[in-house]
Amino acid sequence: LVLWLENRIGSFLLAAMIVGAACLRKLQALEHPQAASLGELDETGFRNLVLWLENRKIRYYTEGDRKGLKDVGGKGWDDALLKYLDELGAGKPSIKGDLAKQQIADWLASYAIGMEYSDRASTLAAVAAPPPPPP
């Protein structure tokens, strides 16, 4: 039983580290100014990360609709996050605990990368297109 429990806990911790590393790479690609400190985020840091992703990369809400996410110290922030995630198509995941927050950050970073690609798709397609055949 002890060996089984150690294996399960070890796998759980390894999964959490992998999610954090993947998210870190995504945030670096998105040019987040503090991507290197993701693994050390407190609650306010997590909330600011979500807000940065929405303000700078995702831009799903209008400026006025971001009010709930901007109030990072407010009691209604968790509800605003759940509403936001649901509207983006993530459903209503658990937002409690470090692993849940890493998963949310990773999902939002992935979504933001998709938005960045959409914004630049025509430019990227032109760069990647093969040269026209010679006449």
Side-chain angles (χ1 to χ4, degrees):
L1 178 63
V2 172
L3 182 57
W4 177 84
L5 185 57
E6 286 176 354
N7 286 337
R8 301 303 297 170
I9 291 172
S11 298
F12 179 78
L13 292 175
L14 180 60
M17 287 187 291
I18 291 170
V19 169
C23 187
L24 175 60
R25 286 190 302 275
K26 292 170 191 171
L27 290 172
Q28 288 169 337
L30 291 166
E31 300 176 344
H32 186 278
Q34 292 137 355
S37 64
L38 174 69
E40 301 170 14
L41 286 180
D42 60 7
E43 184 67 24
T44 302
F46 169 73
R47 291 177 177 198
N48 283 320
L49 173 62
V50 171
L51 182 60
W52 182 86
L53 286 166
E54 168 55 23
N55 281 339
R56 300 291 176 115
K57 302 298 177 177
I58 298 172
R59 301 177 308 275
Y60 178 79
Y61 283 155
T62 64
E63 187 69 28
D65 291 338
R66 294 179 188 151
K67 183 178 180 181
L69 292 176
K70 283 183 176 182
D71 187 14
V72 295
K75 292 181 181 180
W77 194 88
D78 286 349
D79 292 332
L81 174 63
L82 287 172
K83 180 178 182 270
Y84 177 63
L85 291 171
D86 192 41
E87 289 178 10
L88 290 178
K92 295 192 179 197
S94 170
I95 60 173
K96 301 297 179 199
D98 290 342
L99 181 59
K101 289 177 181 142
Q102 283 183 347
Q103 290 171 338
I104 290 167
D106 186 62
W107 191 91
L108 288 171
S110 295
Y111 192 95
I113 286 176
M115 297 303 296
E116 285 279 304
Y117 175 78
S118 295
D119 289 348
R120 300 178 188 179
S122 60
T123 304
L124 293 172
V127 170

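For reference, positions follow the sequence shown, starting with 1. Computed from a predicted model, the values in this text were never measured in an experiment. Reckoned from all heavy atoms, side chains included, excluding hydrogens, waters and symmetry mates.
Expressed to the nearest 0.5 Å, how far NZ of K83 lies from CG of D79 amounts to 11.0 Å. Atom-to-atom distance recorded for M115:CE and L53:CG is 12.0 Å, nearest 0.5 angstrom. Atom CD in E116 sits 8.5 Å away from atom CD1 in I113 (nearest 0.5 Å). If you take SG on C23 and NE2 on H32, they are separated by 9.5 Å, rounding to the nearest 0.5 Å. How far CG of L51 is from CZ of R56: 9.5 Å, rounded to the nearest 0.5 Å. The line from CG of L82 to CH2 of W77 is 9.0 Å long, rounded to the nearest 0.5 Å.
Shown here for S94 and I104, the closest heavy-atom pair between the two residues is O-CD1, 3.6 Å. Taking each heavy atom of L49 and A105 in turn, the nearest pair found is CD2-CB, 3.8 Å. Across E43 and D78, no two heavy atoms sit closer than the pair OE2-OD1, 4.3 Å.
Side chain of N48 to main chain of T44: a donor-acceptor pair is present (N/O by atom type, distance under 3.5 Å, no hydrogens or angles). Listed for the E54 side chain is a donor-acceptor partner under 3.5 Å among the backbone atoms of Y60. At least one donor-acceptor pair under 3.5 Å links the side chain of K57 to the backbone N or O of L30.
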(message) Is there a side chain to side chain contact (heavy atoms under 4.5 Å, CB included) between L108 and L88? Walk through the geometry before answering.
(response) CA-CA 9 Å; L108 288 171; L88 290 178; 3.7 Å; yes
(request) Determine, step by step, whether Q102 and L99 satisfy the side chain to side chain contact (heavy atoms under 4.5 Å, CB included) criterion, reporting the C-alpha distance in whole Å, the side-chain angles of both residues, the deciding distance to 0.1 Å, and the verdict. (result) CA-CA 5 Å; Q102 283 183 347; L99 181 59; 4.3 Å; yes
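Classified by interplanar angle (parallel below 30°, tilted 30° to 60°, perpendicular above 60°), the ring pair Y84/Y61 is tilted.
For residues 108-135, the set of pairs meeting the ring pair (Phe, Tyr, Trp, His ring centres under 6.0 Å) definition, not counting sequence neighbours, comprises W107-Y111.
Shown here is D98, whose CG atom has no more than 12 heavy atoms of other residues, nucleotides or ligands within 6.0 Å.
For K70, the salt bridge (Lys or Arg N to Asp or Glu O under 4.0 Å) test picks out E63, with sequence neighbours left out.
Ionic pairing of R47 and D42 is not present here: no N-O contact between side-chain nitrogen and carboxylate oxygen is shorter than 4.0 angstrom.
At a threshold of 4.5 Å between non-hydrogen side-chain atoms, the residues D65 and E87 do not count as touching.
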